[in-house]
Amino acid sequence: MASNFHSEASRDADIKGTDALERDTLLMHASGRPGKIEVVPTKPLATQRDLSLAYSPGVAFPCLHIARDPALAYDYTAKGNLVAVISNGTAVLGLGDLGALASKPVMEGKAVLFKRFADVDSIDLEVDTRDVEEFIGAVRYLGPSFGGINLEDIKAPECFIIEQRLRELMPIPVFHDDQHGTAIISAAGLINALDLTGRDISQVKIVVNGAGAAGIACIELAKAMGIRHENVILCDTKGVIYQGRTEGMNQWKSAHAVPTAARTLAEALDGADVFMGLSAKGAVTPEMVASMAPRPIIFAMANPDPEITPEEVKVVRSDAIVATGRSDYPNQINNVLGFPYIFRGALDVRASTINEAMKIAAARAIAALAREDVPDEVDAAYSGRRLRYGPDYIIPVPFDPRLISSIPPAVAKAAMDSGVARKPIIDMNAYKRELAARLDPASAGMQAITEAVKANPKRVVFAEGEEEKQIRAAVAFSNAGLGHPILLGREERIRETMKNIGLPAAESLEIINSRISPRTRDYTDILYRRLQRRGALYRDVQRQVNQERNIFGSLMVQAGDADAMVTGLTRNYWQAFEEIKKVIDPTPGELLFGMTVFVVKGKLVFVADTTVMETPTPQQLADIAVQTAGKARQMGHEPRVAMISYSNFGNPSSERSDRMREAVSLLDARKVDFDYDGEMAADVALDPELLSHFPFCRLKEPANVLVMPGLYSATIASKLLQKLGGVSVIGPILVGLAKPVQITSMDATANDIVNMAVLACHDALR
């Protein structure tokens, strides 16, 4: 125990001295179960029989069948949906050679992206050697375990040798994403940029700056797509790679050497149509851009800072099409648009490799998606920008839900057409529908809301501003570009806490002390007018405004001095709720209640009312159903509403179940535009097999909105789910309040507080 204590103390000391973003990142990685991934069984293991089937003696049978026919491993094990993310840490992000162990956070992150975007299970493996042959020897024998190998953060030129040899030795896809991922996404952007500028790919002149893994791969894929060898000039830190050059050369650079008089990047760019940068910040000057051909195409992909910024380009060339690797500019060249979906398609046809035809198919599919009409939900997620095919939209955005049903089918078809697919897909339309169902609805929904808020930043009151979690949440909220946080509390106390937790960047945050604010008198008058006929004396109101931050913060929102508020850390829910209600009324014509969102195995379930209505009437239950369905739609989900009871369609009948049945009748009379039915038990509502026993039921798929019969059952069920584990929780979310205020739980994390602030801002947008 002592060693563990000292380990934690050492970790805490390590975290304390860091800046805000670094601190929050370290805390996220260290909190709860350290790291970002875990292994979760996919079969029930609750009984002795379960164990006997999953392990001894039953497990012997699939072993014997696989021994007779190795292809059955894809049917009886996770191999077909399992990718290894492997690195030796010799080129970690832009940080250089950090070694295998220090690369592990990145590899875990890559595994998370595989799961999040394409439902590909992934495990990270860090190989502690810089020797090429040792690395190849360590990886080549892992083939039986995995359906594919994603190589990551291996420096050039060793990465070329490693990938080529492993592709020759292993009968499964081996893909170095640092090379091919960037090449595929940039190729997709190039296809559309050439289209918009009316260029023929076989005639364009292109300059690539950076002769590492990504630069070489970009050139090779561009040539495979039709760009002529003699029209490409490759540059490195020593200048142009020309025929006859000997300094700093290797076989991969030599393959792209051309006869040219140009010796510097500036000379190479004179008259060029396209620039692709995979080098360093500031490598390109405005003068170089000015010398390029009309309507130049500039992909400045160095991270975190591009070779030249879009603003610098526009000063000298307003006709340019610009892409970068950054999310805060249009046209982000983001590898997450490629590798999850490329592996998804390759795995689903059991491809033996990922070949040039599959890469080109992926690039063309990505390019084609950018030309399609953008769905409303994607447009809404990036409000403030018009996502329409043109110079500022040549590549789809990373959270476009259509990516998963567009790219894998194209990759799979190319694998089949090129003869590397071992399990062809017969019904491609059915495959596309199956892919669309794999998306993680929770992440997609919250990301859409977050992007909308980021595009329309609001002023948000963090009512418990002296609390460390709220300070950290406010800093994270500000740093993420989500809006302007306002901390309520005593400035000296807040500054001292900031200093103690190492947040010097937080010094610019706005702090308001209710006791000395020039608005305190005005707020007191506002509240007194509301409460004077409810028995409140002026001095009572004055004391509440001075001392109760929930009251003061709510008045800021009510008066329009802030757009939204978040609270809940230092008051139980009911107390905070009562304080807020003194200031803010329900939305006219709507019911005020609480809704909790549960994320269970990638599915969202909306549960109401979990906070307010003790025993709702049938009319109130119908209102809750309508408003919760509307909230589900705002979060990007088509509602299927179940009115929950302990009985199923009158069996057995009781006063409580009768209320739910009457609520259904009221919904019938309203002719609502969503699917609903009840009363029904929760297991029937959520289990398609049980639901099939009631063929008359209007719900043909499991419900995703559960309207509970009373606060007692809703609260008990939600608390049990939260504490038993296996679920993620968003909320409870207040629905029906006239002004945007959200209440967190007292055990909320800083990240939970940020999420609730985002939800409050989203309400403010409406």
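As the structure is a computational prediction, the values presented were derived from the model and not from experiment. We number each residue from 1, following the sequence as shown.
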Q: Sub-3.5 Å donor-acceptor pair from the side chain of Arg633 to the main-chain atoms of Pro639, do we have one?
A: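 No; judged by distance alone, with no hydrogens or angles, the pair does not exist.
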Q: Can you tell me which residue among Val336, Ile366, Asn334 is in a side chain to side chain contact (heavy atoms under 4.5 Å, CB included) with Ile185?
A: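 Only one option passes, and that is Ile366.
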Q: Out of curiosity, Leu369 CG to Arg402 CZ, how far, rounded to the nearest 0.5 Å?
A: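 Separation between the atoms: 4.0 Å.
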Q: Got more than 12 heavy atoms from elsewhere within 6.0 Å of NZ, Lys281?
A: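 Count not over threshold, so no.
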Q: Do Arg344 side-chain atoms and Ala118 backbone N/O form a donor-acceptor pair below 3.5 Å?
A: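 Yes, because the side chain of Arg344 sits within donor-acceptor range (under 3.5 Å) of the backbone of Ala118.
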Q: Using a strict 4.0 Å threshold on nitrogen-to-oxygen distance, state whether Asp178 and Lys110 make a salt bridge.
A: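 No, no charged N to carboxylate O under 4.0 Å.
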Q: Is Lys454 close to Ser327 at the side-chain level, that is, under 4.5 Å between some pair of heavy atoms?
A: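 Ser327 vs Lys454: side chains apart.
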Q: Around atom NZ of Lys423, are there more than 12 heavy atoms of other residues, nucleotides or ligands at under 6.0 Å?
A: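 Count not over threshold, so no.
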Q: Pair Leu113, Asn335 - check side-chain contact (heavy atoms from CB on, under 4.5 Å), show working.
A: CA-CA 10 Å; Leu113 296 179; Asn335 283 20; over 6 Å; no
Q: Nearest 0.5 Å, what's the OG-CD1 distance between Ser145 and Ile123?
A: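 Nearest 0.5 Å value for the OG-CD1 distance: 11.0 Å.
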Q: Angle between ring planes, Tyr341 versus Phe117, binned at 30° and 60°: parallel, tilted or perpendicular?
A: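 Tyr341 and Phe117: perpendicular rings.
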Q: With the side chain counted from C-beta on, respond yes when Leu435 and Tyr431 share a heavy-atom pair under 4.5 Å apart, and no when they do not.
A: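 Counting from C-beta outward, Leu435 and Tyr431 do come under 4.5 Å.
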Q: Tell me the closest heavy-atom pair linking Ala300 and Pro306, and the distance in Å.
A: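 Where Ala300 meets Pro306 most closely, the heavy atoms are O-CB, 3.3 Å.
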Q: Please report the shortest heavy-atom distance between Asn331 and Pro391, naming the atom on each side.
A: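 Closest heavy-atom pair between Asn331 and Pro391: ND2-O, 2.8 Å.
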Q: Under 3.5 Å, is there a donor-acceptor pair between the side chain of Asp128 and the main chain of Leu101?
A: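 No, the answer is negative, given that no donor and acceptor are paired below the 3.5 Å cut-off.
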Q: Can you tell me how far the CG atom of Asp69 sits from the OH atom of Tyr76, to the nearest 0.5 Å?
A: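 Those atoms lie 9.0 Å apart.
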Q: Begin with the C-alpha distance, continue with both residues' side-chain angles, and end with the deciding distance and a verdict on side-chain contact (heavy atoms from CB on, under 4.5 Å) for Ile395 and Asn192.
A: CA-CA 8 Å; Ile395 304 167; Asn192 284 338; over 6 Å; no
Q: Mark yes or no for whether Arg295, through its side chain, and Leu196, through its backbone, hold a donor-acceptor pair below 3.5 Å.
A: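 The answer is yes, because a donor-acceptor pair under 3.5 Å joins these two groups.
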Q: Between His180 and Glu163, do the side chains contain a donor N or O and an acceptor N or O under 3.5 Å apart?
A: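 The answer is yes; a qualifying pair exists.
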Q: Between Arg364 and Ile191, is any pair of side-chain heavy atoms under 4.5 Å apart?
A: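 In contact.
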Q: What distance separates Arg140 CZ from Phe135 CZ, expressed to the nearest 0.5 Å?
A: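 Reported to 0.5 Å precision, the distance equals 14.0 Å.
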Q: Under a 4.0 Å N-O cut-off, is there an ion pair linking Asp305 with Arg326?
A: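 Between Arg326 and Asp305 there is a salt bridge, with a charged N closer than 4.0 Å to a carboxylate O.
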Q: Nearest 0.5 Å please: distance from the CG atom of Leu337 over to the OG atom of Ser186.
A: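 So the CG of Leu337 and the OG of Ser186 are separated by 11.5 Å.
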Q: Verify the neighbour count for atom CG of Asp687: are there more than 12 heavy atoms of other residues, nucleotides or ligands below 6.0 Å?
A: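 Enclosed.
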Q: Please give me the minimum heavy-atom distance between Asp348 and Ile425, naming the atom from each residue.
A: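 Shortest heavy-atom separation between Asp348 and Ile425 comes out as O-CG1, 4.4 Å.
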Q: Before you tell me yes or no, could you show the steps for Leu151 and Gln179 under side-chain contact (heavy atoms from CB on, under 4.5 Å), namely the whole-Å CA-CA distance, both residues' side-chain angles and the distance that decides it to 0.1 Å?
A: CA-CA 10 Å; Leu151 300 173; Gln179 295 180 59; over 6 Å; no
Q: Should Thr197 and Asp273 count as side-chain neighbours, where that means a heavy-atom distance under 4.5 Å?
A: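 A side-chain contact is absent here, since even the closest heavy-atom pair is not under 4.5 Å.
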Q: For Ile206, run the side chain to side chain contact (heavy atoms under 4.5 Å, CB included) check against Ile219, Leu234, Val274 and tell me which one passes.
A: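 Among the candidates, only Val274 passes.
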Q: For Asn88 and Thr90, which I'm curious about, is there any donor-acceptor pair between the side chains at under 3.5 Å?
A: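 Yes, a side-chain donor-acceptor pair sits under 3.5 Å.
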Q: Evaluate the side-chain hydrogen bond (donor to acceptor under 3.5 Å, both in side chains) criterion for residues Ser279 and Glu307: first the C-alpha distance (whole Å), next the side-chain angles of each, then the deciding distance (0.1 Å), finally the verdict.
A: CA-CA 7 Å; Ser279 51; Glu307 285 83 358; 2.8 Å; yes
Q: Is any side-chain heavy atom of Leu604 closer than 4.5 Å to a side-chain heavy atom of Asn704?
A: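 They are not in contact (no side-chain heavy atoms under 4.5 Å apart), so the answer is no.
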Q: With side chain to side chain contact (heavy atoms under 4.5 Å, CB included) as the test, pick out the partner of Met276 among Ile297, Ile333, Asn209, Leu190.
A: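 When Ile297, Ile333, Asn209, Leu190 are each tested with Met276, the side chain to side chain contact (heavy atoms under 4.5 Å, CB included) holds only for Leu190.
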Q: Per the salt bridge (charged side-chain N to carboxylate O under 4.0 Å, His left out) rule, what does the pair list look like for residues 404-413, sequence neighbours excluded?
A: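 Those involving residues 404-413 are Lys413-Asp417.
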Q: Could you tell me whether the side chain of Pro702 reaches within less than 4.5 Å of the side chain of Pro688, counting heavy atoms only?
A: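 Sidechains of Pro702 and Pro688: in contact.
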Q: Can you tell me which residue among Ile66, Leu82, Leu72 is in a side chain to side chain contact (heavy atoms under 4.5 Å, CB included) with Thr77?
A: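 Passing option: Ile66.
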Q: Below 4.5 Å, heavy atoms only, C-beta onward: do Leu403 and Pro396 meet side chain to side chain?
A: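 Yes - at least one pair of side-chain heavy atoms lies under 4.5 Å apart.
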Q: Using a strict cut-off of less than 4.0 Å between a Lys/Arg side-chain nitrogen and an Asp/Glu carboxylate oxygen, indicate whether Lys104 and Asp124 qualify as a salt bridge.
A: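 Yes.
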Q: Give a yes or no answer on whether the side chain of Ser87 reaches the backbone of Glu152 with a donor-acceptor pair at less than 3.5 Å.
A: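 Indeed, once roles are kept as given, a pair shorter than 3.5 Å links the two residues.
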Q: Is a side-chain donor or acceptor of Ser122 paired with a backbone partner of Val83 at a separation under 3.5 angstrom?
A: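 Judged by distance alone, yes, a pair lies under 3.5 Å.
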Q: For the atom pair CD1 (Ile730) and CZ (Phe598), what is the distance rounded to the nearest 0.5 Å?
A: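 That separation rounds to 10.5 Å.
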Q: Please find the pair of heavy atoms, one from Glu108 and one from Lys36, that lie closest to each other, and give the distance.
A: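 Residues Glu108 and Lys36, closest heavy atoms: OE1-N, 3.0 Å.
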Q: Show the nearest heavy-atom pair for residues Glu356 and Ala224, with the distance to one decimal.
A: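 For Glu356 versus Ala224, the nearest heavy atoms are OE1-CB, 3.8 Å.
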Q: With no hydrogens and no angle check, is any side-chain donor or acceptor of Asp675 less than 3.5 Å from a backbone partner on Arg640?
A: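 The answer is no, because no donor-acceptor pair under 3.5 Å joins these two groups.
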Q: Show your reasoning for whether side-chain contact (heavy atoms from CB on, under 4.5 Å) applies to Lys631 and Phe606.
A: CA-CA 9 Å; Lys631 201 70 179 177; Phe606 301 81; 5.7 Å; no
Q: I'd like to check Arg371 versus Asp195 (side-chain heavy atoms, cut-off strictly below 4.5 Å). Are they in contact?
A: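 Yes, close enough: below the 4.5 Å cut-off.
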Q: Is Lys223 paired with Glu220 through a side-chain N to carboxylate O contact shorter than 4.0 Å?
A: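 Here Glu220 does not pair with Lys223 in a salt bridge, since their nearest N and O are not under 4.0 Å apart.
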Q: Might you point out which heavy atoms bring Ala138 and Val127 nearest each other, and give the distance in Å?
A: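 The answer is CB-CG1, 3.9 Å.
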Q: Quick one: list whatever passes salt bridge (charged side-chain N to carboxylate O under 4.0 Å, His left out) with Asp153, sequence neighbours left out.
A: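 Counting only residues at least two positions away or on another chain, Asp153 forms no salt bridge (charged side-chain N to carboxylate O under 4.0 Å, His left out).
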Q: What salt bridge (charged side-chain N to carboxylate O under 4.0 Å, His left out) pairs are there with at least one residue in residues 82-92, not counting sequence neighbours?
A: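 For residues 82-92, and leaving out neighbouring residues, there are no salt bridge (charged side-chain N to carboxylate O under 4.0 Å, His left out) pairs at all.
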